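No experiment lies behind these values; they were computed from the predicted model shown. Each ligand, and each atom within it, is numbered from 1 in the order the structure gives.
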Amino acid sequence: MPLTVENAKQLIDDFMLRDATFMLVNYNEPQVDKIYILDSSFNPPQNAHLSMCKLVPKDAQLLLLLSVKNADKKAVPASFAERLVMMEAMALDLQEARPIIGLCKHALFADKAEAIHNSLHTASQSYLLGFDTLVRLLDPKYYEPQGIEQALGHFFASTKVMCVARPDVSSGLSEQEEYMRSIAKGDMKGIPAQWASRITFATLRNGGEGVSSTAVRKAIKEKNDELVKSLVPPAVYQVLKELRPY
Ligand SMILES: Nc1ncnc2c1ncn2[C@@H]1O[C@H](COP(=O)(O)OP(=O)(O)OP(=O)(O)O)[C@@H](O)[C@H]1O
Ligand SMILES: NC(=O)c1ccc[n+]([C@@H]2O[C@H](COP(=O)(O)O)[C@@H](O)[C@H]2O)c1
């Protein structure tokens with residue numbers, strides 16, 4: 001049965017009261033021990049998120065992870081309950097990847113990976129990250145005073161990253177490819193070159209390039225309905241029409 005905003009809110013309220021930092025919210029058990037995780041604020045889910053999920057290999061299961069605590073951003077509309085309903089709508093287009101949906105209270109990927117491992121005991125986790133987020137994963141500022149090598153050593157020993165190009169005004173595709181090469185050459189201070197073997201670099205093949213949730217929120221604010229429709233999966237568009245969360 002699809003989630004309603006009311007039961008999604010109940011699930012989130014229960015999760016917030018619990019000590020657990022990760023929880024699955026839907027009824028499917030994880031079916032395979034290889035999961036690909038798209039962690040996001042889903043504010044709202046948009047076409048690049050959908051395309052990233054379509055990169056998940058056939059033998060893996062997809063976990064859509066709603067981050068209720070962000071490393072950089074404050075919570076702004078929509079409510080987490082509305083976002084869960086929109087995530088479930090996006091998952092309708094991803095049935096091949098047998099999607100499961102979860103909530104996480106950790107802001108940093110290393111902590112998310114540990115909490116998921118402790119809960120699901122999956123043998124292999126891979127994170128789908130846009131290029132901007134890979135840069136932030138590897139930004140030493142998040143790991144003071146411990147230092148990045150120590151803070152992410154276990155993460156890169158046990159977890160993989162599929163990085164998706166996200167060319168923008170400040171960095172084009174060739175610069176992003178160069179960044180990947182510089183990790184492999186050991187040219188990035190504090191980043192062990194062997195971490196490169198845990199990171200693959202991909203481009204979006206199913207549309208969504210250049211789309212952001214910010215652009216969707218802006219189009220909604222400007223009442224540019226045709227633009228909104230072109231930026232989000234059809235089932236998410238329906239939920240946006242029904243719930244009007246922005
Ligand atoms: N157009 C895109 N190309 C590649 N990666 C993307 C794209 N949009 C989002 N991502 C990646 O998806 C993940 C979740 O993204 P996030 O929820 O921050 O979306 P966003 O569109 O950047 O959100 P917002 O605009 O609200 O900041 C991040 O790893 C982000 O880098
Ligand atoms: N160093 C890190 O692990 C790190 C840095 C920045 C963002 N994040 C996480 O990445 C996810 C996506 O972040 P944004 O919504 O800010 O793009 C969030 O869960 C956020 O907390 C992790």
Pair Tyr179 + Phe131: ring centers closer than 6.0 Å
yes
To the nearest 0.1 Å, how far is atom 10 (N) of ligand 1 from its closest protein heavy atom, and which atom is that?
Arg166 NH1, 3.6 Å
Do any nitrogen or oxygen atoms of Leu128 come within less than 3.5 Å of a nitrogen or oxygen of ligand 1?
no
Taking atom 31 (O) of ligand 1 as the reference point, the nearest protein heavy atom with its distance:
Asp132 OD1, 2.6 Å
Any nitrogen or oxygen of Glu209, side chain or backbone, less than 3.5 Å from one on ligand 1?
no
From Ser119 atom OG to Glu114 atom CD, the distance as rounded to the nearest 0.5 Å:
12.5 Å
List the closest protein heavy-atom neighbour of atom 28 (C) of ligand 1: residue, atom name, distance to the nearest 0.1 Å.
Thr133 OG1, 3.2 Å
Could you tell me whether Lys218 atom NZ has more than 12 heavy atoms of other residues or ligands within 6.0 Å of it?
no
Enumerated ligand 1 atoms positioned under 4.0 Å from heavy atoms of Val211
1 (N), 2 (C), 7 (C), 8 (N)
Stepwise ring-ring contact (aromatic ring centres under 6.0 Å, His included) check, Phe109 with Tyr127:
CA-CA 9 Å; Phe109 288 106; Tyr127 284 81; 5.7 Å; yes
For Gly208, the ligand 1 atoms with a heavy-atom partner under 4.0 Å come out as 1 (N)
Quick test of your reading: applying salt bridge (Lys or Arg N to Asp or Glu O under 4.0 Å), list the pairs with at least one residue in residues 36-49, sequence neighbours left out, ordered by first then second residue.
Asp39-Lys112
Could you check whether atom NZ of Lys34 has more than 12 heavy atoms from other residues, nucleotides or ligands sitting under 6.0 Å from it?
yes
Does Phe156 reach the side chain of Ile199, with side-chain heavy atoms less than 4.5 Å apart?
yes
Smallest heavy-atom separation, Glu82 atom then Ala78 atom, equals OE1-CB, 3.3 Å
Residue Arg217 vicinity, atoms of ligand 1 by number, heavy atom under 4.0 Å
26 (O)
I'd like to know whether CD of Glu96 has more than 12 heavy-atom contacts from other residues, nucleotides or ligands below 6.0 angstrom.
no
Please work out which of the three classes, parallel, tilted or perpendicular, describes the rings of Phe42 and His49, given edges at 30° and 60°.
perpendicular
All heavy atoms of Asp59 vs all of Arg98, minimum pair found to be C-NH2, 4.1 Å
Using a strict threshold of under 4.0 Å (side-chain N to carboxylate O), is an ion pair present between Asp225 and Lys229?
no
In this structure, are over 12 heavy atoms from other groups packed under 6.0 Å from Lys9 atom NZ?
no
Mark up the atoms of ligand 1 that fall under 4.0 Å of a heavy atom belonging to Gln46, in ascending order.
8 (N), 9 (C), 21 (O)
Nearest protein heavy atom to atom 21 (O) of ligand 1, by residue and atom, and its distance?
Ser213 N, 2.6 Å
State whether the shortest distance between N or O atoms of Asn43 and N or O atoms of ligand 1 falls below 3.5 angstrom.
no
Interatomic distance, Gln146 atom CD to Leu152 atom CG [nearest 0.5 angstrom]
8.5 Å
What distance separates Leu137 CG from Leu129 CG, expressed to the nearest 0.5 Å?
6.0 Å
May I ask you to identify, for Thr214, whether its side chain, its backbone, both or neither come under 4.0 Å of ligand 1 on a heavy-atom basis?
both
How close does the nearest protein non-hydrogen atom get to atom 27 (O) of ligand 1, and which residue and atom is it?
Lys73 NZ, 2.5 Å
Using a strict cut-off of under 4.0 Å between a residue heavy atom and any atom of ligand 2, list the qualifying protein residues by chain and number.
Asp39, Ser41, Ser67, Lys69, Asn70, Ala71, Asp72, Lys73, Ala107, Leu108, Phe109, Lys112, Thr133, Arg136, Leu137, Tyr142, Tyr143
Show the atoms of ligand 1 that are less than 4.0 angstrom away from any heavy atom in Ala48.
1 (N), 2 (C), 7 (C), 8 (N)
Check this for me - ligand 1, Gly130, N or O atoms closer than 3.5 angstrom, yes or no?
yes
Those atoms of ligand 1 less than 4.0 Å from some heavy atom in Ser41:
17 (O)
Numbered in order shown, the ligand 1 atoms found under 4.0 Å of a heavy atom of Asp39 are 13 (C), 14 (C)
Which bit of Ser212 gets closer than 4.0 Å to ligand 1, counting heavy atoms only: side chain, backbone, both or neither?
both
Taking all heavy atoms of Pro77 and all of Pro245, pick out the closest pair and write down the distance.
CB-O, 3.9 Å
Which of the ligand 1 atoms, numbered from 1, are nearer than 4.0 Å to a heavy atom of Leu129:
29 (O)
Could you check atom 15 (O) of ligand 1 against the protein and tell me its nearest heavy-atom contact, residue, atom and distance included?
His49 NE2, 3.4 Å
Write down the atom of Ser67, the atom of Phe80, and the distance for their closest heavy-atom approach.
O-CE2, 4.0 Å
Does ligand 1 have a heavy atom under 4.0 Å from the side chain of Ala165, from its backbone, from both, or from neither?
backbone
Suppose we measure from atom 17 (O) of ligand 1 to each protein heavy atom; which comes out shortest, and what is that distance?
Ser40 OG, 2.5 Å
